[in-house]
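Right, one structure below, let's go through it.
Keep in mind it's a predicted model, so treat the numbers as computed, not measured. Basis for what follows: all heavy atoms, side chains included, without hydrogens, waters or symmetry-related copies. A, B, ... follow the sequence lines: proteins, then strands. Residue 1 opens every chain.
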Amino acid sequence: MSTSSFARLPGFRDFPPEDLALRSHIMEAWRRVSRRYGFLEYDGPPLESLDLYVEKSGEEIVDQLYAFTDKGDREVTLRPEMTPSLARILGDRSRSMSKPIRWFSMPQLFRYERQQRGRLREHFQWNVDLVGEEGVAADAEVLAVAIDGLREFGLGASDFRARVSDRRVLRGLLATLGVAEDAQPAAFAVIDKLERMPRDKAEEALATGTGLDAAAAGHVLETVSSATLASLEDLVGSSESGADVQSLRDYVDALGAMGLGDFVEIDLTIVRGLAYYTGIVFELFDRKGELRAICGGGRYDRLLELVGGEPLPAVGFGMGDVVLGELLAERKLVPEFASTLDYFIVTVSWDLRSEALRVAHALRDKGHSVSYALREQGVGKQMKSASREGAREVLIVGPDELARGCVVARDMEVGTEREIELADLT
RNA sequence: GUGGGCGUAGCUCAGUUGGUUAGAGCGCCGGAUUGUGGUUCCGGAGGUCGCCGGUUCGAGCCCGGUCGUCCACCCCA
């Protein structure tokens, strides 16, 4: 409820300190993990030319752009995703950079759509991209970053899992099962919805979309949804998709070698909406399946070229702060918010204020956090403020101690007091 | 964009079949306490009951619209 006529726009968030604390907690963890893997941070403008997304991102995104015409008659949009900006930025400079390029960013992204749980009009998204390496070692490296990004918060294999697919393998499998080339987009659409649709409805949709009979459609769905590395090797291992299955095997093995095997599952029903993915794709989900995807990514070997840059293979992912925040809250992994202060200076009488200010500023110069009352107040009231502001220690400046060149230092947690020489503080 | 639930203090909520001046807890401010916080006690501020209109002698309560929020669909950054 908002009685103010200056209410927040729907789908946008304010970040008072207690909420900003969670956002910072998340972003600091992301940054630590990125750096642990040798990634460098970059950013771009929040407002981009509309052209950057049309035809490159897929219709779903373009339909929901936060777009408008600016005062210079330019068609612009708040950025809905970071990857096209990354492609443009690299387009200008990748030729002179050594490969592979390891870059990450934490942009605020925008989409114009009705808000719901885990889905606002704005969010912060951790983007990690590895550009210039086409082998699956790069894919494995990127998924490892995503997994470690969640492990950094204390989440484990019982909390989330990575579901991994490969569009080339899926295409090969569908071809083997008799789905015609031109019917594959329809088949992808049905497979994407498999989880949210009763099996008989899906069969029907697949049959009408591909021209297969009901039995064949049922067989396709069963084979796709139960696919494992072993079953894929049996079915398409000797076809032209055999190399792709072998890559997928190498990918899973690499993650296993890193000790992350428990997090990874082959699941060909993961399709992902974005049009530019070309190979292995993955999504991270909470194990209970209560929340939306926490993270999604994959390989996009064509995009840089499409945006007019050097043709470079690339793989990356995006992880949003909203769903992650919900998962952390549910697992009680959100650190409690508390303001803290090294010192609070209490003055027994207002005429000692200059001395208090001198002490306070000397401590601040040394890098300590210090606060004090800004107007004349009784000692009891000042103590109350000190407590509320989270002071670890209160320094009491009083005439008796001052005469001896001392102040009283009270430990606010334990309640013990001792005298400190003024000379030791300043 | 479609359909549905819910909007009472900063927060969580109560509010009788429609009836006088709308309440509680927590939080906030002040006091008990002019050299000592957390506990306790006392007091205070804070509401056009989301907004607009309708029905009625009378609306927080009923009706319509609208905005916000949540859920489902759509779809997923």
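- At least one cation-pi condition fails for A:Arg167 and A:Tyr277: the charged atom is not both under 6.0 angstrom from the six-membered ring centre and inside a 45 degree cone around its axis.
- Between the side chains of A:Glu48 and A:Ser85, at least one donor N or O lies within less than 3.5 Å of an accepting N or O.
- Comparing the P positions of B:G30 and B:G46 gives an interatomic distance of 16 Å, to the nearest angstrom.
- Taking the P atoms as reference points, B:G4 lies 12 Å from B:U66, given to the whole Å.
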With a 3.5 Å cut-off and sequence neighbours excluded, list the donor-acceptor pairs that the side chains of residues 344-352 of chain A form with protein atoms.
residue	atom	partner	partner atom	Å
A:Ser349	OG	A:Asp351	OD1	2.5

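- Under 4.0 angstrom from either OP1 or OP2 of B:C74 there lies no side-chain N or O belonging to A:Lys193.
- Remark: the separation of the P atoms in B:U56 and B:A14 is 31 Å, to the nearest Å.
- The side chain to side chain contact (heavy atoms under 4.5 Å, CB included) test with A:Thr77 is passed by exactly one of A:Leu50, A:Val54, A:Asp51: A:Leu50.
- Contacts of A:Arg331 classified as side chain to side chain donor-acceptor pair (under 3.5 Å), with partners at least two apart in sequence or in another chain: A:Asp159.
- For A:Arg117, the listed nucleotide lying nearest its side chain is B:C70; candidates were B:C75, B:C70, B:A77.
- Straight-line distance between the P atoms of B:C49 and B:A9: roughly 10 Å, to the nearest whole Å.
- In A:Arg292, the CZ atom is crowded: over 12 heavy atoms of neighbouring residues, nucleotides or ligands sit closer than 6.0 Å.
- In the interface, the side chain of A:Arg114 is paired with the base of B:U2 through a donor and an acceptor atom under 3.5 Å apart.
- Spacing between B:U36 and B:A45 at atom C1', rounded to whole Å, works out to 28 Å.
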Evaluate ring pair (Phe, Tyr, Trp, His ring centres under 6.0 Å) for A:Phe39 paired with A:Phe104, printing each intermediate quantity in order.
-> CA-CA 6 Å; A:Phe39 283 73; A:Phe104 80 98; 7.3 Å; no
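- Checked against side chain to side chain donor-acceptor pair (under 3.5 Å), A:Glu265 has the following partners two or more places apart in sequence or in another chain: A:Arg161, A:Arg287.
- Within the structure, ring-ring contact (aromatic ring centres under 6.0 Å, His included) pairs that include any residue of residues 359-407 of chain A comprise A:Tyr343-A:His368 (at least two apart or interchain).
- Annotation: B:G7 and B:G15 have their P atoms spaced 11 Å apart (nearest Å).
- Between the CG atom of A:Asp192 and the P atom of B:C74 there is a distance of 11 Å, given to the nearest Å.
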Got a list of side-chain donor-acceptor pairs under 3.5 Å for residues 128-135 of chain A, not counting sequence neighbours?
residue	atom	partner	partner atom	Å
A:Asp129	OD1	A:Tyr300	OH	2.4
A:Glu133	OE2	A:Gly135	N	2.7

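- Judged purely by distance below 3.5 Å, without hydrogens or angles, the side chains of A:Arg199 and A:Ser225 pair a donor atom with an acceptor atom.
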Would you be so kind as to tabulate the donor-acceptor pairs closer than 3.5 Å made by side chains of residues 168-175 of chain A, with sequence neighbours excluded?
residue	atom	partner	partner atom	Å
A:Arg168	NE	A:Asp166	OD1	3.3
A:Arg168	NH2	A:Asp166	OD2	3.0

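- Taking the P atoms as reference points, B:C70 lies 14 Å from B:U8, given to the whole Å.
- Atom-to-atom, CD of A:Gln64 to P of B:A77 comes out at 9 Å; the value is rounded to the nearest Å.
- B:G10 atom P lies 15 Å from atom CD of A:Glu18, rounded to whole Å.
- Under a cutoff of 6.0 Å and an axis angle of 45°, A:Arg23 and A:Phe15 form a cation-pi pair.
- Atom pair A:Leu291:CG and B:C75:P shows a separation of 20 Å (rounding to whole Å applied).
- Within 4.0 Å of A:Gly297, counting heavy atoms only, lies no atom of the nucleic acid at all.
- Between B:C41 and B:U33, the two C1' atoms lie 12 Å apart (nearest whole Å).
- A straight line from CD of A:Glu113 to P of B:C73 spans 14 Å, rounded to a whole angstrom.
- Sorted by residue number, the list of members of residues 333-344 of chain A with any non-hydrogen atom under 4.0 Å from RNA chain B is empty.
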Base-contact (B) and sugar-phosphate-only (S) positions in nucleotides 28-37 of chain B, heavy-atom cut-off under 4.0 Å, - elsewhere | -SSS---BBB
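- A donor-acceptor contact under 3.5 Å links the side chain of A:Arg119 to the base of B:C75.
- Atom CD in A:Glu389 sits roughly 15 Å away from atom P in B:G38 (whole-Å rounding).
- A straight line from CD of A:Gln115 to P of B:U2 spans 17 Å, rounded to a whole angstrom.
- Distances were taken from every side-chain heavy atom of A:Gln116 (C-beta onward) to each of B:A72, B:A77, B:G68; the shortest belongs to B:A72.
- Stem analysis of RNA chain B (Watson-Crick or G-U pairs, both distances under 3.5 Å, runs of at least three) returns B:1-7 with B:67-73, B:10-13 with B:23-26, B:28-32 with B:40-44, B:50-54 with B:62-66.
- Residues passing the salt bridge (Lys or Arg N to Asp or Glu O under 4.0 Å) test with A:Asp342, sequence neighbours excluded: A:Arg392.
- The pair A:Arg111-A:Glu122 does not meet the salt-bridge criterion, since no charged nitrogen lies less than 4.0 angstrom from a carboxylate oxygen.
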Can you give me every donor-acceptor pair (side chain of residues 312-328 of chain A, partner residue at least two apart or in another chain, under 3.5 Å) with its distance?
residue	atom	partner	partner atom	Å
A:Asp321	OD1	A:Arg13	NH2	3.4
A:Asp321	OD1	A:Phe124	N	2.9
A:Asp321	OD2	A:Arg13	NH1	3.0
A:Asp321	OD2	A:Arg13	NH2	3.1
A:Glu326	OE2	A:Gly118	N	3.1

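- If you take CZ of A:Phe12 and P of B:G68, they are 13 Å apart, rounded to a whole angstrom.
- The stretch residues 39-46 of chain A does not touch RNA chain B, since none of its heavy atoms comes less than 4.0 Å from the strand.
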